[in-house]
Structure formats: C-alpha cells, structure tokens
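See below for the structure under consideration.
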Amino acid sequence: MNEEFDADWLDLREPYDARARDAGLAARLARALPARPRLLDLGAGTGSLLRWLGHFIGRAQVWTLVDADAALIELAFETIAERAEQVGWRVTWPGRRTLLVHTPHGAWRVEGLIADLAEAPDNLPLSATDAVVCSALCDLVSRDWVERMAAACAARRLPFYAALNVAGRDRFTPPHPADALVARGFRRDQARDKGFGGKALGPDAPGVLRAAFEAQGYAVHLAPSDWVLSPHDREMADALAVAHARAAMAQERREARRIAGWLAARSRLAEAGRLAVRVPHRDLLALPPPVT
C-alpha cells in the first residue's frame with residue numbers, strides 16, 4: 001500500500017465523517033456482535049472510527065487498529081486517551097502497546113498492528129476477530145482485494161462494515177465553467193492503482209463490495225452517508241477544492257492553467273463563505289447468513 005494520509009487532514013475530516021455515517025447501520029452491526037466484541041479496524045489512521053462506533057456498541061469491546069503508518073497508530077492512542085479524559089473517563093496502560101479506556105458501560109481495550117493492507121487478508125488476525133470494520137478505505141482498493149477479503153470473512157463468518165465509500169461525482173456550488181474538466185481529472189485519479197494490486201474502485205466501491213459479499217451468501221445493507229458542506233464550512237470546502245485540483249492536475253497536465261483558475265475561484269468563494277460542497281458516500285454492512 002502506498003497511499004498515505006496526513007494527520008491534519010484526518011483531524012479536519014473527522015467531524016464530517018461522524019456526521020455523515022449512518023447510525024442505523026452502526027446500530028445493526030452492534031446488535032450482531034457478541035457480548036464483548038473484538039473489532040479489526042483496517043486503515044484505522046488516528047482512530048476516528050473507534051471514537052464514533054464504540055458508542056453504538058455501548059459495552060466492553062476490544063479494538064485492533066491496523067495501519068501501515070506507525071506514527072498514525074501512535075497518534076491514535078494519544079488521541080483516544082485525550083478524548084476519553086476530556087469526558088471524564090479513566091485511561092490506563094496495562095502494556096506498552098495496550099490502552100484501556102474505562103467507560104461507564106465497560107472497558108475498551110485498544111491495541112495496534114502495523115501492517116501493509118495490500119497484503120490483506122493474509123496478514124490479519126482474523127481468527128481472533130468478531131468483525132472487520134473500516135472507514136474511507138474501500139474506494140482505494142482493487143476488485144481483487146475486495147473479493148479476497150469477502151472470501152476470508154466468509155470462511156470465519158465475520159461481519160464486514162465499510163463506512164464512507166465514495167459513490168458518485170462531488171458537487172461544488174455555485175457552478176464554474178471548469179467543473180467538468182476538474183471532475184474528469186479527479187475521476188481518473190480516483191481510478192489509479194493506490195497500491196492494492198490493481199485499479200482503485202473509486203465510486204464503484206459500493207457495488208463491488210455488495211456483489212462480492214452477496215456471492216458469499218451475505219446479507220448486504222447500504223445507506224447514504226454523504227458529506228454535506230454548507231458555506232459556513234470554509235476550511236473543509238477549501239481543502240476539498242485543493243485536493244480536487246491537485247488530483248485533476250496530475251491527470252490533466254495540459255489543462256493546468258484552467259484547473260489553477262478553477263481552484264483560485266473556488267478558494268475565493270470558500271474564504272467568502274459562499275462555497276457549498278456535496279460528496280456522495282455509501283456505508284455498507286455485510287452480515288453472514290444465519291447458522292442452519
């Protein structure tokens with residue numbers, strides 16, 4: 001896996017992720033888990049999914065945060081501990097690589113695993129897991145990766161939960177003459193190989209995930225989880241415009257001047273509190289068939 005994400009970007013997007021994820025699917029996953037579930041969080045970053053999903057589970061739980069970036073895992077531990085203490089929860093460290101968050105409804109045990117997800121699922125501890133979860137990951141992976149993961153989960157009857165899979169073209173408002181050009185370059189960049197052994201799924205991710213898990217006999221549930229940014233979300237809107245322009249320039253080099261003009265116009269609108277953005281996402285929950 002060669003796609004890396006800056007901690008500042010992960011911090012900026014966390015509240016938008018939390019607002020967008022579908023609570024109904026999270027609650028359905030929680031009901032399907034055992035009394036003290038063990039969750040394997042792929043591409044965990046700074047632990048934002050744990051901080052959101054843990055409340056829906058609402059009882060003692062064990063998390064293994066998996067990421068290729070050791071610095072992000074270290075930051076995840078620090079951030080989880082800091083946020084817990086801010087709400088009055090006690091935090092202890094029973095081991096160098098283990099964190100316990102003592103909530104009113106049971107302890108959350110958190111461990112980290114440094115692993116290249118391009119090699120998944122072969123390098124994952126699926127035998128010690130009750131569910132595989134991830135957020136903003138599956139649009140980066142390849143079809144082959146998804147099919148391998150679905151087969152591995154099915155072999156152990158593990159639920160699979162994937163939040164925030166991109167699902168369509170982002171919309172910037174008001175319109176600009178270069179919107180189609182930037183969107184074309186951005187879509188091409190979404191599809192480049194992100195280090196998972198083939199073309200990245202991009203907005204095809206929800207459909208590919210659904211087909212792969214249904215082929216294994218799973219019941220698959222989908223729900224919209226769009227980012228909806230108002231003109232008040234100045235910093236995030238500008239960050240998205242910058243990301244789109246950079247990706248488009250990498251794919252449409254001959255149109256660099258027009259893309260730069262698009263970005264300048266978008267940044268002015270964001271600064272003035274006049275830019276709105278909608279980013280389509282879908283959350284997915286795949287549950288194994290009941291034992292007969």
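All residue numbers refer to positions in the sequence shown, counting from 1.
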Checklist entry - So if you build clusters from Ile, Leu, Val, Met, Phe, Trp, Tyr with side-chain heavy-atom gaps below 4.5 Å, do Phe56 and Val110 land together? => result yes
Checklist outcome for this item: Looking only at heavy atoms, the pair that brings Ala167 and Pro203 closest together is C-CB, 3.9 Å
Checklist entry - Between Arg51 and His55, which heavy-atom pair has the shortest distance, and what is it? => result O-CD2, 2.9 Å
Checklist entry - So, do Arg97 and Glu111 sit near enough that their side-chain heavy atoms are less than 4.5 Å apart? => result no
Next on the checklist: Using only atom types and a distance under 3.5 Å, with no angle test, would you say the side chain of Tyr218 pairs donor to acceptor with the backbone of Cys153?
Outcome noted: yes
Checklist entry - Please walk me through it: do Tyr16 and Leu240 pass side chain to side chain contact (heavy atoms under 4.5 Å, CB included)? => result CA-CA 12 Å; Tyr16 298 94; Leu240 286 174; over 6 Å; no
Checklist entry - Would you say the side chain of Met249 lies within less than 4.5 Å of the side chain of Leu263, judging by non-hydrogen atoms? => result no
Checklist entry - Could you go step by step and tell me if Leu287 and Arg28 meet the side chain to side chain contact (heavy atoms under 4.5 Å, CB included) rule? => result CA-CA 10 Å; Leu287 297 174; Arg28 179 173 284 190; 4.2 Å; yes
Checklist entry - Judged by atom type as modelled, is there a donor-acceptor pair below 3.5 Å linking the side chain of Asp67 to the main-chain atoms of Gly45? => result yes
Checklist entry - Using 4.0 Å as the upper bound for N to carboxylate O, is an ion pair formed by Asp283 and Arg21? => result no
Next on the checklist: Counting only heavy atoms from other residues, nucleotides and ligands, does the tally under 6.0 Å from NE2 of His102 exceed 12?
Outcome noted: yes
Item to check | Working for side chain to side chain contact (heavy atoms under 4.5 Å, CB included), residues Leu201 and Arg143 | outcome: CA-CA 7 Å; Leu201 294 175; Arg143 182 182 298 269; 4.2 Å; yes
Checklist entry - Taking the side chain as C-beta and beyond, is there a heavy-atom pair between Arg38 and Thr64 under 4.5 Å? => result no
Checklist entry - Angle class for the Phe160/Phe213 ring planes (parallel below 30°, perpendicular above 60°, tilted otherwise)? => result parallel
Next on the checklist: I'd like to know if Leu49 and Leu33 are part of one continuous hydrophobic network [Ile/Leu/Val/Met/Phe/Trp/Tyr, side-chain heavy atoms within less than 4.5 Å].
Outcome noted: yes
Checklist entry - Hey, is the main chain of Arg13 close enough, under 3.5 Å, to the side chain of Trp227 for a donor-acceptor pair? => result no
Next on the checklist: Would a single hydrophobic cluster contain both Trp145 and Val66, if residues Ile, Leu, Val, Met, Phe, Trp and Tyr are joined by side-chain heavy-atom contacts under 4.5 Å?
Outcome noted: yes
Checklist entry - Are Trp9 and Phe186 linked, directly or through other ILVMFWY residues, by side chains that come within less than 4.5 angstrom of each other? => result no
Item to check | Heavy-atom check, side chain of Tyr161 versus side chain of Leu284, under 4.5 Å | outcome: no
Item to check | Carboxylate-amine/guanidinium contact Asp179 Arg266, below 4.0 Å | outcome: yes
Next on the checklist: Do Trp89 and Leu100 land in one hydrophobic cluster if side-chain heavy atoms of ILVMFWY residues count as linked below 4.5 Å?
Outcome noted: no
Checklist entry - Parallel under 30°, tilted from 30 to 60°, perpendicular over 60°: which one fits the rings of His244 and Trp262? => result tilted
Item to check | Residue pair Leu10, Leu72: steps toward the side chain to side chain contact (heavy atoms under 4.5 Å, CB included) verdict | outcome: CA-CA 10 Å; Leu10 297 177; Leu72 283 182; 4.1 Å; yes
Checklist entry - Is the number of heavy atoms from other residues, nucleotides or ligands under 6.0 Å of Arg234 CZ greater than 12? => result yes
Considering only distance and modelled atom types, tabulate donor-acceptor pairs under 3.5 Å from the side chains of residues 74-86, sequence neighbours left out.
from: Thr79; atom 1: OG1; to: Leu75; atom 2: O; distance (Å): 2.8
from: Arg83; atom 1: NH1; to: Glu14; atom 2: OE2; distance (Å): 3.3

Item to check | Counterpart residues, side-chain contact (heavy atoms from CB on, under 4.5 Å), relative to Arg246 (two or more places apart) | outcome: Val242
Item to check | Heavy-atom donor-acceptor pair, Asn123 side chain to Asp116 backbone, under 3.5 Å | outcome: yes
Next on the checklist: How long is the straight-line distance from CG of Leu124 back to CD of Glu119, given to the nearest 0.5 Å?
Outcome noted: 9.5 Å
Checklist entry - Which heavy atom in Ile73 sits nearest to a heavy atom in Gly112, and how many Å separate them? => result CG2-CA, 4.1 Å
Checklist entry - Hey, is the main chain of Glu252 close enough, under 3.5 Å, to the side chain of Arg188 for a donor-acceptor pair? => result no
Checklist entry - Are the side chain of Ser230 and the backbone of His232 linked by a donor-acceptor contact shorter than 3.5 Å? => result yes
Next on the checklist: Nearest 0.5 Å, please: how far is CG in Leu164 from SG in Cys134?
Outcome noted: 9.5 Å
Checklist entry - Donor-acceptor pair, Arg59 side chain versus Pro34 backbone, under 3.5 Å? => result yes
Item to check | Beyond-backbone contact of Pro288 with Arg156, side-chain heavy atoms, under 4.5 angstrom | outcome: no
Next on the checklist: Between Arg148 (side chain only) and Ala120 (backbone N and O only), is there a donor and an acceptor less than 3.5 Å apart?
Outcome noted: yes
Item to check | Exercise: identify the closest heavy-atom pair between Val146 and Ala212 | outcome: CG1-CB, 3.6 Å
Checklist entry - Shortest non-hydrogen contact from Ala18 to Trp52? => result O-NE1, 3.2 Å
Checklist outcome for this item: Distance col, row Asp130:CG vs Arg157:CZ, nearest 0.5 angstrom, shows 13.0 Å
Checklist entry - Quick one: CG on Leu39 to CD on Gln61, what's the gap to the nearest 0.5 Å? => result 6.5 Å
Item to check | Closest non-hydrogen atom pair, Ser267 against Asp238 | outcome: OG-OD1, 2.8 Å
Checklist entry - So, does Asp22 use its side chain to make a donor-acceptor pair with the main chain of Leu25 at under 3.5 Å? => result yes
Next on the checklist: Contact between Leu137 and Phe196 at the side-chain level, heavy atoms closer than 4.5 Å - yes or no?
Outcome noted: yes
Checklist entry - Do Leu29 and Val133 touch side chain to side chain, with heavy atoms closer than 4.5 Å? => result yes
Checklist entry - Within a strict 4.5 Å, meaning less than it, do heavy atoms of the Thr103 and Trp108 side chains meet? => result yes
Next on the checklist: Distance check, rounded to the nearest 0.5 Å: Leu126 atom CG versus Leu40 atom CG?
Outcome noted: 6.5 Å
Checklist entry - With respect to Asp226, which candidate in His281, Arg171, Arg19, Arg278 satisfies the side chain to side chain donor-acceptor pair (under 3.5 Å) definition? => result Arg278
Checklist entry - Counting only N and O atoms by type, is there a donor-acceptor contact under 3.5 Å from the side chain of Asp139 to the main-chain atoms of Val166? => result yes
Checklist entry - Is the count of non-hydrogen atoms from other residues, nucleotides or ligands lying under 6.0 Å from Glu214 atom CD greater than 12? => result yes
Checklist entry - To the nearest 0.5 Å, how far apart are CZ in Arg282 and CG in Asn165? => result 10.0 Å
